[in-house]
Amino acid sequence: MVCPPSIHLDANNYKDPFVFNPWRWNGQELHVGSKKFIAFGGGSRLCAGADFAKVQMAIFLHHLVTKYRWEVIKEGKILRKPGLTFGKGLRIQIFDNEGE
């Protein structure tokens, strides 16, 4: 079984894999058989809603970043096992850009 985060966080594939860099896949060949980016499975088990999910996340992130701001209230410990989680959570307070 392939664990996508173990590939996405591999220093052999990416420079500074633990640094947030949403552009690290630019210029790379990303297709169903890609061995460097496996966000939605691959081969015959490719997620049928992969493109729809990408559009939804792009819309959500656009609105979150452009219309809201947030402050960390209580930090959590970052755990990578194999996905990214926050031990004891990560508490934030969200404000809209026009007020509170």
Please check if [X] and [Y] belong to a single hydrophobic cluster, counting links between Ile, Leu, Val, Met, Phe, Trp and Tyr side chain heavy atoms closer than 4.5 Å.
| X | Y | answer |
| --- | --- | --- |
| Trp70 | Met57 | yes |
| Phe60 | Ile94 | yes |
| Val72 | Ile78 | yes |

Check which hydrophobic residues are tied to Val55 through side-chain heavy-atom contacts below 4.5 Å, counting indirect links as well, and list them.
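Other cluster members: Ile59.
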Counting only heavy atoms from other residues, nucleotides and ligands, does the tally under 6.0 Å from CD of Glu75 exceed 12?
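Counting neighbours around CD of Glu75, 12 or fewer heavy atoms of other residues, nucleotides or ligands fall under 6.0 Å, so no.
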Which value, rounded to the nearest 0.5 Å, describes the distance between Leu90 atom CG and Thr85 atom OG1?
11.0 Å
Side chain of Asp96, backbone of Lys67: donor and acceptor closer than 3.5 Å?
no
Test item: Asn97 and Tyr68 side chains (from C-beta on) under 4.5 Å apart, heavy atoms:
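When only atoms from C-beta onward are counted, Tyr68 and Asn97 do not touch, as no gap falls below 4.5 Å.
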For Asn21, what residues pass the side-chain hydrogen bond (donor to acceptor under 3.5 Å, both in side chains) criterion, not counting sequence neighbours?
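With sequence neighbours excluded, Asn21 shows a side-chain hydrogen bond (donor to acceptor under 3.5 Å, both in side chains) to no residue whatsoever.
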Suppose we screen for side-chain contact (heavy atoms from CB on, under 4.5 Å). Which residues come up paired with Val19, at least two apart in sequence or across chains?
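Result, side-chain contact (heavy atoms from CB on, under 4.5 Å) vs Val19: Asp16.
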Stepwise side-chain contact (heavy atoms from CB on, under 4.5 Å) check, Phe86 with Leu79
CA-CA 6 Å; Phe86 291 90; Leu79 304 171; over 6 Å; no
